[in-house]
Each structure stands twice: as structure tokens, then as C-alpha cells.
Amino acid sequence: MRHFLTLMDLSPAELQALIQRAIELKAMQHRGAIHEPLKNRILAMIFEKSSTRTRVSFEAGMIQMGGGAIFLSPRDTQLGRGEPIEDSAKVLSRMVDAIMIRTFEHETIERFAEHSSVPVINALTDDYHPCQLLADIQTFVEHRGSLQGKTVAWIGDGNNMCHSYINAAAQCDFNLRIATPKGFEPKEHIVNTAADRVSLFSTPEEAVQGAHLVATDVWASMGQESEQAQRKALFKNFQVTPALLDIADDDVIFMHCLPAHRGEEVSAELMDDPRSVVWDEAENRLHAQKALLEFLLVAK
Ligand code: CP
Ligand code: NVA
């Protein structure tokens, strides 16, 4: 039984195989093939934060593969009334085949996984968003081939997405150039896990030098709403624009996990620039997570 709490829970070879499988599942889906390896299997989905893509992609993916998904929010479950995480993990995992969680502290999902008898999937914590990286890696591979030896620039907040990019740099063997305002760097202990592949900069212009992929994310993540105005001022020089991409590699592509705040971390015109692959990236959440569910739930 395996959990998927960070990208590091897969070996590099497993990750590459999973991405190839996601590409296959996408082709099957596009040609209308029926593929139901998860008949009668159930995924419980606990959302302590909002979601559009993650909820729809997991739910649609489970249904397409012959199973089903149950949406649970703390507002209408006992989790929101203080039932311990450990008890919830024990009970839910006796009823369903896998559990997906979007929560705040990363430690919450680690505790949940410790007490779950079925695979637990991280659908975003304050520290990591590994499912999004599966989609991002798939999208890069589809557009440009392997990430090995490539240069990726992360612009903006040293947040959960940035941390998962650090994991990806180690797993896929690329160089990651991170530009953040002072005080918003990624966590040092996470940078240190891939120190030979990660460089920190204080301006986006430096970080995008030679970049084959430029990625960004909102300046205030879920749970940081009260800091929105202050962050907007501090991050104002970190907007990703077509002009910024012009100084990256000639073949650069742009990604954003979405939802995007046009006019903040990304200019409105960049979203639909030919170098932007954000809609493919969003679609790939579906295919990459179907490959993940198959990996975790179908006996090999
Ligand atoms: N990118 C992402 O996880 O989107 P949602 O918050 O809509 O799930
Ligand atoms: N960093 C963002 C990602 C949203 C998908 C957040 O945590 O809100």
C-alpha cells in the first residue's frame, strides 16, 4: 500500500512511467475508449479548502474509470466538529479504497496517512501540491519532451507549488531558478533537499535566463487572504509578462496551476499568448491523476 503525499513518494522511474501512462490514458479518453479498471472502487475526497480543478478532475477520473467519488467538506462532516484526524482516517479507510485530502498543515495529511489502511493522496497542503506537478510534468513532456537537463524558472511566492517544483527538480533532474521577493523564499529545509539543482534570485529577469519553462502562481495562497493587499505591493515587480518570456529561452513555455489573477502574478495577455500552455496543463490534471489512481489502486 502506497501513499502519495509528495512527489518524493515515487521513485524517478515510477514517476516517468506514470507520466507516460497519463499520456496514454489521455489518448484513450480522446478517442472515446472505455477503460474501467476501478469498477466499484470509491475515492473519498476531503476538501478543507476550495477547489475547482482538483475536485472535478478526481471525481470525473473516478467515474470514467468505472468507480465513484464522495465529496466531503468539514462544514458537513464530523471533521469540522473536532473528530480527531486519526479516528476519521481509521473509519473512512474501512469504507473506501483511497482518500484524497486538501488541507492546511502538511502534518495533518501525514497523521491521516499514518492511520489510514488505504492510499492517501495529497490534493494540496500549505507545503506541497504534488498532483499539480504530475500535470505540469506531463504537459512539458507533451510539448517539449523530457525535462532532464532543462532549466525551469519559478517566479513569485516560495509556496506549496514552488516546493513541489523543488521536488520535481530532484526527481526529473532539471535546474530550477527561483525568484521571490525577500522574505518569501521557499522553506530552507525543502531547498536543501535539492540544493545542487536549485538557485535563488531576487529578480524575475535573472531567474528566467535560459529558462525552457516559466511557471508562477498566485501571490496569496488559500489561507493567506488577510495578507492579499500587503503581498500585492511587495510582489509588484514579479508579474510574468510576454516581455519577461522574451528574455528566456526561444522555446520557452509558460505554466500556471490556476486559478490565475490576471494583472497580478500574470498579465492578462500572457494567459492566451502562444507560449502559454495553461489550458493543456489544467486538462492534464484529469489524465495524470487517473494514472496516479491506477498506480495506487490496480494490482500490478
Ligand atoms: N490548480 C488547482 O489545484 O486548482 P483548484 O484549486 O481549482 O483545484
Ligand atoms: N498556491 C495556491 C495554489 C492553488 C491551486 C494555494 O495554495 O492557494
Side-chain angles (χ1 to χ4, degrees), residues 4-7 22 43-62 69 71-74 99-109 121-140 154-168 178-181 184-187 190 213-232 234-235 238-240 254-262 264-266 271 276-290 292-293:
F4 183 64
L5 305 189
T6 77
L7 219 50
L43 174 71
M45 307 188 298
I46 300 172
F47 280 98
E48 298 198 313
K49 294 173 175 169
S50 304
S51 169
T52 297
R53 278 146 289 270
T54 305
R55 177 179 177 181
V56 175
S57 54
F58 269 112
E59 196 162 333
M62 282 304 296
F71 174 82
L72 301 163
S73 88
I99 302 167
M100 184 235 81
I101 309 180
R102 170 167 285 194
T103 188
F104 291 86
E105 287 171 19
H106 190 71
E107 193 229 343
T108 304
I109 199 168
I121 297 170
N122 180 358
L124 184 147
T125 61
D126 290 344
D127 285 350
Y128 297 101
H129 195 3
C131 289
Q132 183 67 51
L133 260 290
L134 297 179
D136 289 19
I137 296 167
Q138 180 186 347
T139 308
F140 190 89
W154 176 265
I155 310 297
D157 191 17
N159 63 12
N160 44 11
M161 277 296 299
C162 179
H163 293 152
S164 282
Y165 262 96
I166 293 171
N167 288 165
I178 299 171
T180 66
F184 296 91
E185 293 86 2
K187 291 184 177 175
I190 300 177
L213 166 61
V214 173
T216 190
D217 185 15
V218 291
W219 292 339
S221 284
M222 290 182 277
Q224 299 172 332
E225 288 77 6
S226 64
E227 299 172 30
Q228 171 69 33
Q230 186 204 3
R231 282 172 172 258
K232 201 172 162 177
L234 292 168
F235 282 74
F238 288 75
Q239 184 179 90
V240 184
F254 169 72
M255 293 193 201
H256 188 313
C257 62
L258 309 180
H261 291 198
R262 288 170 173 81
E264 293 185 22
E265 77 278 0
V266 58
M271 291 292 286
S276 163
V277 296
V278 298
W279 312 121
D280 291 343
E281 179 188 6
E283 177 187 336
N284 284 341
R285 293 294 304 277
L286 172 67
H287 310 298
Q289 286 158 202
K290 283 168 74 177
L292 175 67
L293 289 162

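All ligand and atom numbering here is 1-based and tracks the order in the structure. Here the structure is a predicted model, which means the values were calculated and not measured.
Among protein heavy atoms, the minimum distance from atom 4 (C) of ligand 2 is reached at Leu124 CD1, 3.9 Å. Among all protein heavy atoms, the one lying closest to atom 4 (O) of ligand 1 is Arg53 NE, 2.8 Å. Scanning all protein heavy atoms for the shortest distance to atom 8 (O) of ligand 2 gives Met222 N, 2.8 Å. Protein heavy atom closest to atom 3 (C) of ligand 2, with residue, atom name and distance, is Asp217 OD2, 3.5 Å. In this structure, the protein non-hydrogen atom closest to atom 2 (C) of ligand 1 is Arg285 NH1, 3.3 Å. What sits closest to atom 6 (O) of ligand 1 on the protein, heavy atoms only, is Arg102 NH1, 2.8 Å.
Using the six-membered ring where Trp is involved, Tyr128 and His106 have ring planes that are perpendicular, over 60° apart on the 30 and 60° scheme.
Nearest-heavy-atom check against atom 6 (C) of ligand 2 across Ala123, Ser164, Ser221 picks out Ser221.
A salt bridge links Asp126 to Lys49: at least one charged side-chain nitrogen sits closer than 4.0 Å to a carboxylate oxygen.
Heavy atoms of Asn160 found under 4.0 angstrom from ligand 2 belong exclusively to the side chain. With a 4.0 Å cut-off on non-hydrogen atoms, His129 touches ligand 1 through its side chain and not its backbone. At a 4.0 Å heavy-atom cut-off, ligand 1 touches Leu258 through the backbone alone.
More than 12 non-hydrogen atoms from other residues, nucleotides or ligands lie less than 6.0 angstrom from CD of Gln228.
Numbered from 1 in the order shown, with element, the atoms of ligand 1 that lie under 4.0 Å from a heavy atom of Thr52 read 5 (P), 7 (O), 8 (O). Within the listing of ligand 2, atoms 5 (C) sit less than 4.0 angstrom from a heavy atom of Leu258. Set against the non-hydrogen atoms of Asn159, the atoms of ligand 2 under 4.0 Å away are 1 (N).
Inclusion of Lys49 in the set of residues having an N or O under 3.5 Å from an N or O of ligand 2 is not warranted. Residue contacts with ligand 1: Arg55 is placed with no nitrogen or oxygen under 3.5 Å of a nitrogen or oxygen of the ligand (distance criterion only). At least one N/O-N/O distance between Cys257 and ligand 1 falls below 3.5 Å.
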Leu292 vs Leu134, side-chain contact (heavy atoms from CB on, under 4.5 Å): CA-CA, chis, key distance, verdict: CA-CA 9 Å; Leu292 175 67; Leu134 297 179; 4.1 Å; yes
Stepwise side-chain contact (heavy atoms from CB on, under 4.5 Å) check, Val218 with Phe235: CA-CA 10 Å; Val218 291; Phe235 282 74; over 6 Å; no
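The only option from Lys290, Gln289, Arg285 that meets the side-chain hydrogen bond (donor to acceptor under 3.5 Å, both in side chains) definition with Ser57 turns out to be Gln289.
Not one N or O on the side chain of Glu264 forms a donor-acceptor pair closer than 3.5 Å with the backbone of Arg262. Between the side chain of Asn122 and the backbone N or O of Thr6 there is no donor-acceptor pair closer than 3.5 Å.
Residues Phe238 and Thr216 are not in side-chain contact: their nearest non-hydrogen atoms beyond the backbone lie 4.5 Å or more apart.
For the residue pair His261 and Glu265, no side-chain donor N or O sits within less than 3.5 Å of a side-chain acceptor on the partner.
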